[in-house]
Amino acid sequence: MQVTFKIWRQEGPNDKGAMRAYEVDGLTEDMSFLEALDHLNELLVLKDEKVIAFEYDCREGICGQCGVFINGRAHGPHDHMTTCQLHMRSFKDGDTIIVEPWRAASFPVIKDLIVDRSAFDRIIEQGAFISAKTGTAPEANAIPVPKEVSDRAMDAAACIGCGACVATCKNSSAALFTSAKINHLNGLPQGRAEEHKRVAEMTYRMEIEGFGSCTFTGACEVECPEGISIINIAEMNARVTKSKVFG
Ligand code: FES
């Protein structure tokens, strides 16, 4: 299998950057997309050229590190899939594949396909935790949680923080990410102690990090590899109002 990769190359945050084309042969349709990039990097090493910088950790859809735009879509052509779960069988022999980093002011490019997503970490630091007494873990059934409540919390907790929602949103909004992190704790009894403080501080941080406002286009939900629902954003907005009254 032979394809042409057109890949964004940028030496560092202050470099202008440009697309560069690479014709790559010797690929198979069973290779993952990241293995195809590995193959290209091996060819670049043999030619004594600089390898393409891209991020990954788990390569199994868990860590959220591998996000890139592929042919204009976050994580490539399929819904609800990370880049590392994408395989070359999704492309045809002779295809041209355009690969770019996330584009958002709050995610500046560090190098090539790697962006700085530490703005997400700073939002999490503001409240994505609960206060609990230290010691042995409490008996799991000591705090009853209705099934529908725990299901909703688990659905929100599935967010892997990849940033596809921000990169896809025309406003570069982080509302889907932030709402998932708030709702998975605020919906549970264990998260109640800090519920109003959590909402106020995480949403405030989201704004000062420069993410845009949500206008409910729903693009984030479509591109989210975990299928996090935009209902979470509506819930977060209701919690913001509640935190202003009771917080
Ligand atoms: S490398 Fe971990 S989600 Fe893709």
Side-chain angles (χ1 to χ4, degrees), residues 3 5-10 22 24 27-42 44-45 51-91 95 97-104 106-125 128 153-169 172 174-181 183-184 211 219-230 232:
V3 300
F5 281 114
K6 283 192 177 169
I7 299 181
W8 183 258
R9 302 301 309 261
Q10 185 172 334
Y22 302 91
V24 185
L27 300 168
T28 72
E29 59 178 22
D30 295 327
M31 278 181 168
S32 74
F33 190 81
L34 296 188
E35 283 168 342
L37 292 183
D38 290 339
H39 179 68
L40 167 56
N41 272 345
E42 282 163 12
L44 291 175
V45 168
V51 296
I52 295 149
F54 62 98
E55 259 191 308
Y56 59 86
D57 188 357
C58 68
R59 296 203 178 202
E60 50 189 18
I62 297 169
C63 72
Q65 301 291 300
C66 60
V68 287
F69 258 95
I70 301 166
N71 289 345
R73 281 196 70 182
H75 295 296
H78 304 296
D79 295 348
H80 311 315
M81 184 184 278
T82 57
T83 302
C84 60
Q85 293 170 310
L86 178 67
H87 283 77
M88 292 308 290
R89 68 181 75 98
S90 297
F91 304 96
D95 270 0
I97 304 171
I98 297 167
V99 192
E100 296 171 90
W102 289 161
R103 304 283 190 192
S106 302
F107 288 164
V109 174
I110 296 173
K111 187 170 184 175
D112 296 338
L113 303 175
I114 298 179
V115 299
D116 178 358
R117 284 173 301 154
S118 58
F120 269 10
D121 298 334
R122 291 188 289 276
I123 293 173
I124 284 188
E125 281 167 16
M154 283 301 288
D155 287 348
C159 168
I160 56 174
C162 65
C165 49
V166 172
T168 297
C169 175
S172 299
L176 191 67
F177 165 80
T178 308
S179 64
K181 298 299 170 196
N183 291 344
H184 94 257
F211 293 106
C220 53
E221 179 182 286
V222 175
E223 296 296 25
C224 173
E226 299 300 323
I228 306 286
S229 167
I230 55 170
N232 281 290

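Order of appearance sets the numbers: ligands from 1, and atoms from 1 within every ligand.
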Within residues 155-164 or reaching into it, pairs that qualify as salt bridge (charged side-chain N to carboxylate O under 4.0 Å, His left out) - sequence neighbours excluded: none
C224 and L176, any side-chain heavy atoms less than 4.5 Å apart: yes
Over-ring placement of R59 relative to Y56, 6.0 Å and 45° cut-offs: yes
Sequence-distant partners of Y22, ring pair (Phe, Tyr, Trp, His ring centres under 6.0 Å), two or more places apart: none
Any donor-acceptor N or O pair under 3.5 Å, side chains H87, S32: no
Residues in the immediate environment of ligand 1 (any heavy atom closer than 4.0 angstrom): Y56, D57, C58, R59, G61, I62, C63, G64, C66, C84
Counterpart residues, side-chain hydrogen bond (donor to acceptor under 3.5 Å, both in side chains), relative to D116 (two or more places apart): S118
